[in-house]
Amino acid sequence: MVAGGGLLGLEAADGLRQLGLEVVVLERGGWPLQRQVDERGGRLLHGYLSGLGIGVLTEAGATRIETGPAGVTAATLKDGRTLPCEVFVACAGMRPNVELATQAGIRVGRGILVDDHLQTSAPDVYAAGDVAEHAERVYGQWPAAAAQGEAAGVKAAGGDRPYRGTVPATLLKIVGAELASVGRIESRAGDEVIALEAPDEYRYAKLVVHGDRIEGALMIGYGQDAGHITEAVRSGRSVAAEFGDLRRGAFATLA
């Protein structure tokens, strides 16, 4: 049993499956990868995982783990059910530890609040990585942590390299899944959403376009085309000339 239907939880579940174990994933939300995919993509992914033999229980969480002389024996869920299990893997995500900052009088939100130079509300004190909250966002991703650390180090040494945020990108490493999520996938006022779907072929694409740029995308089952879309989102380049092709699903024109 794996607690957590995020990226690490699903990859852990697939690893256990490949070892020949029967696996059930407990997901607190309505679908797996809640932070990276929308509901339609999540339902499609849920079906694919079921086809692999990975069970996913949504709106579910463990409240108690039973053990015996040989180790774990069962897990009790929040709805009162008790399920037998011999292995319990917790992949419940991360939460910034802001206790020390709070005690020191430094401003915190979900994480330690920082400006564009990763400086906290205390002079000459910086925070970077999973503990930092920049522009109302806690990334919890290595590329963001590395970029933040560089910006903080440059500023602490007397330089000036502002941190402007990181375009989040997720690639699910389960054979056959071919899922990529980059940028923001929830639309806002003024956005155009391009959505293409072929459930029988396990294919779903959603592009969030603002102005002449793609600001976010979710790609399931699109192989190399997902790489072209990801590059366009990260670079922020204009795709005005390719709008017609994108609406038809001809994503290779971005190569």
Side-chain angles (χ1 to χ4, degrees), residues 2 4-11 13-14 17 23-60 141 167-255:
V2 176
L7 191 65
L8 294 180
L10 295 185
E11 292 180 353
D14 188 53
R17 176 192 67 84
V23 187
V24 173
V25 175
L26 305 179
E27 166 54 47
R28 290 176 293 183
W31 60 87
L33 289 186
Q34 191 100 31
R35 293 179 59 186
Q36 291 86 9
V37 306
D38 63 4
E39 182 174 2
R40 183 66 199 106
R43 303 297 181 197
L44 192 64
L45 176 60
H46 190 165
Y48 179 79
L49 295 172
S50 297
L52 288 179
I54 299 175
V56 180
L57 298 180
T58 57
E59 309 291 347
Q141 293 186 339
V167 177
T170 297
L171 179 65
L172 182 61
K173 299 173 184 176
I174 294 179
V175 175
E178 292 188 333
L179 184 151
S181 176
V182 58
R184 61 180 180 90
I185 60 170
E186 297 301 328
S187 60
R188 302 170 182 166
D191 289 340
E192 176 184 351
V193 176
I194 299 173
L196 303 170
E197 185 175 352
D200 293 341
E201 301 175 11
Y202 182 64
R203 287 163 67 89
Y204 174 62
K206 176 182 179 180
L207 310 184
V208 178
V209 181
H210 190 86
D212 62 348
R213 291 171 171 79
I214 306 173
E215 295 204 347
L218 169 60
M219 308 286 288
I220 299 178
Y222 276 88
Q224 291 185 342
D225 284 348
H228 305 324
I229 297 293
T230 296
E231 187 280 329
V233 175
R234 284 177 163 168
S235 67
R237 72 177 182 86
S238 172
V239 295
E242 292 92 356
F243 273 166
D245 293 325
L246 296 178
R247 294 187 181 102
R248 292 186 290 104
F251 304 131
T253 58
L254 293 177

Who are the side-chain hydrogen bond (donor to acceptor under 3.5 Å, both in side chains) partners of S50, not counting sequence neighbours? none
Value rounded to 0.5 Å, distance of OG1 in T58 from NE2 in H46: 6.0 Å
Shortest non-hydrogen contact between D38 and W31, atoms and distance: O-NE1, 3.5 Å
Are L52 and I174 side-chain neighbours, meaning at least one heavy-atom pair lies under 4.5 Å? yes
When rounded to the nearest 0.5 angstrom, what is the spacing between NZ in K206 and CD1 in I194? 12.0 Å
Closest heavy-atom contact between E27 and G4? OE1-C, 4.4 Å
Out of curiosity, L171 CG to E178 CD, how far, rounded to the nearest 0.5 Å? 9.5 Å
Within the structure provided, determine whether Y202 and L45 are in side-chain contact (heavy-atom separation under 4.5 Å). yes
Reported CD1-to-OH distance for the pair I54 and Y48, which is rounded to 0.5 angstrom: 9.0 Å
Side-chain contact, heavy-atom cut-off 4.5 Å: L254 with I214? yes
Point-to-point distance, once rounded to the nearest 0.5 Å, from OG of S181 to CD1 of I220: 9.0 Å
Derivation and outcome, side chain to side chain contact (heavy atoms under 4.5 Å, CB included), residues L179 and L33: CA-CA 11 Å; L179 184 151; L33 289 186; 4.0 Å; yes
Tell me the closest heavy-atom pair linking A205 and M219, and the distance in Å. CB-SD, 3.9 Å
Go through it in stages, so that I can follow the logic: the residues are V37 and T170, the test is side chain to side chain contact (heavy atoms under 4.5 Å, CB included), and I'd like the CA-CA distance, side-chain angles, deciding distance and then a yes or no. CA-CA 10 Å; V37 306; T170 297; over 6 Å; no
To the nearest 0.5 Å, how far apart are CG in D212 and CD in E242? 10.5 Å
Test of understanding: with salt bridge (charged side-chain N to carboxylate O under 4.0 Å, His left out), list the residues that count as partners of E231, not counting sequence neighbours. R237
By ring-ring contact (aromatic ring centres under 6.0 Å, His included), which residues pair with F251, not counting sequence neighbours? Y222
Please check if the side chain of K173 supplies one atom and the backbone of E11 the other of a donor-acceptor pair under 3.5 Å. no
Looking only at heavy atoms, which two atoms of G41 and L218 are closest? And how far apart? CA-CD2, 4.3 Å
Please tell me if the side chains of P32 and V25 come closer than 4.5 Å, counting only heavy atoms from C-beta onward. no
Closest approach of L207 and A217, non-hydrogen atoms and distance? CD2-CB, 3.6 Å
side-chain hydrogen bond (donor to acceptor under 3.5 Å, both in side chains) partners of H228, counting only residues at least two apart: none
Within a 6.0 Å radius of atom CZ on R28, are there more than 12 heavy atoms belonging to other residues, nucleotides or ligands? no
Residue set satisfying side-chain hydrogen bond (donor to acceptor under 3.5 Å, both in side chains) with R247, at least two apart, ordered chain then number -> E192
Where do L172 and A177 come nearest, in terms of heavy atoms and distance? CD2-CB, 3.9 Å
Residues which pass side-chain hydrogen bond (donor to acceptor under 3.5 Å, both in side chains) with D191, listed by chain and number, not counting sequence neighbours: R184, H210
Passes side chain to side chain contact (heavy atoms under 4.5 Å, CB included), V175 versus D14? Steps please. CA-CA 9 Å; V175 175; D14 188 53; 5.5 Å; no
